[in-house]
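To keep things clear, I will list the structure first and then write my remarks on it.
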Amino acid sequence: TSVLQVAATDGDFAGNTTLTYSLLEPGKVPFMVMPRSGYVYVSQALDRETTATYRFTVVVSDGRLSNTSTVEIAVTDTNDRRPVFSRAVYTFSTPEFEFSRE
């Protein structure tokens, strides 16, 4: 599933020019961009607790000239961590016949 689609236009687009999208620094972020469509996909697992926001540059080229745009993606958190007790064992003692009235 794509995360987003970047799009550009070319003012002197003559119908025979193809716009191509790429990352300025591929491999530095866990995303990839499809060269023809501009769709951006996640290329590896994301973890909000490790990195909450990614910022990277996408390049568009018509084969002769190019331009860049900055993309910022905020990672939303999912409930992927189980609750943890502060101790493995809780030990206590109480008198006989004690009970809570609540």
May I have all residue pairs that pass ring-ring contact (aromatic ring centres under 6.0 Å, His included) and include part of residues 63-83, sequence neighbours excluded? none
List the atom pairs, donor and acceptor, that lie under 3.5 Å between side-chain atoms in residues 19-38 and the rest of the protein, sequence neighbours left out.
from: Thr20; atom 1: OG1; to: Arg36; atom 2: NH1; distance (Å): 3.2
from: Tyr21; atom 1: OH; to: Ala8; atom 2: N; distance (Å): 3.0
from: Ser37; atom 1: OG; to: Tyr39; atom 2: N; distance (Å): 3.2

Show me the side-chain donor-acceptor pairs of residues 62-76 shorter than 3.5 Å, one per line, residues at least two apart or across chains.
from: Asp62; atom 1: OD1; to: Arg64; atom 2: N; distance (Å): 2.9
from: Asp62; atom 1: OD1; to: Leu65; atom 2: N; distance (Å): 2.7
from: Glu72; atom 1: OE1; to: Arg55; atom 2: NH1; distance (Å): 2.8

Going by salt bridge (Lys or Arg N to Asp or Glu O under 4.0 Å), name the pairs with one or both residues in residues 38-54, residues two or more places apart or in two chains. Asp47-Arg81, Glu49-Arg81
Indicate yes or no: at least one non-hydrogen side-chain atom of Val3 is less than 4.5 angstrom from one of Tyr54. no
Are Val58 and Leu4 connected in a single hydrophobic cluster, I mean Ile/Leu/Val/Met/Phe/Trp/Tyr linked by side-chain heavy atoms less than 4.5 Å apart? yes
Cut-off 3.5 Å, no hydrogens considered: what does the side-chain donor-acceptor table look like for residues 83-90, sequence neighbours left out?
from: Ser86; atom 1: OG; to: Tyr90; atom 2: OH; distance (Å): 3.1

